Protein chains: 2
Amino acid sequence: MKLGRLNHVGVATPSIADSIAFYRDVMGASVVTEPFDMAEQGVKVCFVHTPGAGGTEGTQIELIEPIGESAGIRAFLAKNPAGGQHHLCFEVPDIHAARDEFLAMGKKVLGEPRIGAHGTLIFFVHPRDMGGVLTEIMETPKHAAGH
Amino acid sequence: MKLGRLNHVGVATPSIADSIAFYRDVMGASVVTEPFDMAEQGVKVCFVHTPGAGGTEGTQIELIEPIGESAGIRAFLAKNPAGGQHHLCFEVPDIHAARDEFLAMGKKVLGEPRIGAHGTLIFFVHPRDMGGVLTEIMETPKHAAGH
């Protein structure tokens with residue numbers, strides 16, 4: 001495995017609308033994507049763009065608000081009512097190869113690869129095996145291959 | 001204020017040596033800087049480089065281990081013994097202008113600007129005013145101005 005781009009930092013919030021206002025008005029973000037529901041995960045998400053080096057696209061902030069009663073993110077917000085950093089997402093070129101590598105290293109991979117918020121396959125690895133950091137592994141979108 | 005580059009994600013760890021081994025052996029990092037002590041903050045830190053888009057330098061992971069008895073990071077590790085995400089650090093062109101803006105917005109700025117791990121001036125803003133995210137604001141290093 002070769003360390004890939006840090007695609008985004010997931011940040012949980014009790015109100016995606018308030019967090020969007022915060023990133024626009026306090027932090028000065030100019031590009032925030034339209035929030036959309038990921039019904040299966042019970043969450044509403046959107047992405048705050050940050051500038052990368054040399055005019056490239058930087059690591060995004062993914063804002064995550066629970067919408068379903070059973071969303072795992074509810075437990076996180078119960079412990080952190082104001083919200084906070086929830087996970088890190090790194091890109092890989094091949095999601096299935098990455099999953100095999102994590103499994104071979106004895107890491108607790110959470111479920112089969114599924115379509116994530118960027119439309120490519122993702123999976124999560126349990127924080128207990130990852131230095132306390134809930135880690136998302138995401139296949140690089142094909143249109144970004146030249147990045 | 002205009003949202004700047006996400007310079008790094010701060011990750012607390014009970015053992016910087018173990019975390020370096022993790023990022024090298026599990027995540028496949030190829031560049032990890034030599035750890036050094038920041039005695040005044042009571043921490044030892046180093047940076048894991050991640051690749052940005054188009055061959056640029058990406059957002060770094062700052063590994064942080066407490067070395068002093070009074071390090072604030074000890075409280076974090078008491079709650080999160082395995083380690084975990086501790087703060088986000090965004091770049092600004094002018095640290096004093098940024099501090100004035102945060103103060104004018106009524107945000108709790110933690111102390112005067114001081115030299116941070118990258119050798120430029122930094123300050124922190126309290127998470128209670130920042131959607132639960134402890135936020136570091138860092139003046140962009142001059143050598144990186146062309147990035």
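The chains referred to below are lettered A, B, ... by the order of the sequence lines, with proteins before strands, and numbering in each begins at 1. Note that the coordinates shown come from a computational prediction; the quantities given were computed from them, not determined experimentally.
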What residues of residues 24-51 of chain A make heavy-atom contacts with chain B at a cutoff under 4.5 angstrom? A:D25, A:V26, A:M27, A:G28, A:A29, A:V48, A:H49, A:T50, A:P51

Not counting sequence neighbours, which residues clear ring-ring contact (aromatic ring centres under 6.0 Å, His included) with A:F90? List them please. none

Does anything in residues 72-84 of chain B get under 4.5 Å of chain A by heavy atoms, and if so which residues?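 Heavy-atom contacts from residues 72-84 of chain B to chain A are B:A82, B:G83, B:G84.
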
Please output the residues of residues 109-126 of chain B in contact with chain A, using a heavy-atom cutoff of under 4.5 Å, in numerical order. none

Can you tell which part of B:M105 gets under 4.5 Å to a heavy atom of chain A, answering side chain, backbone, both or neither? side chain

Return the minimal non-hydrogen interatomic distance between B:A53 and A:E57, and the atom names on each side. CB-O, 3.9 Å

What pair of heavy atoms forms the shortest contact from A:Q85 to B:H86, and how long is it?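 Closest approach of A:Q85 to B:H86: OE1-C, 3.6 Å.
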
A:I16 and B:M130: same hydrophobic cluster, using ILVMFWY side-chain contacts below 4.5 Å? yes

Would B:M138 end up clustered with B:V11 when hydrophobic side chains under 4.5 Å apart are linked, directly or stepwise?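 The answer is no; the residues belong to distinct hydrophobic clusters.
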
What option among B:V133, B:L134, B:T135, B:T13 has the most heavy-atom pairs under 4.5 Å with chain A? B:V133

Say you draw a straight line from OG1 of A:T59 to CG of B:L88; how long is it, rounded to the nearest 0.5 Å? 10.0 Å

Measuring heavy-atom distances to chain B, does A:D129 have an atom under 4.5 Å in its side chain, in its backbone, in both, or in neither? backbone

Using a cut-off of under 4.5 Å for heavy-atom pairs, which of A:G4, A:A12, A:A98 has the most such pairs with chain B? A:G4

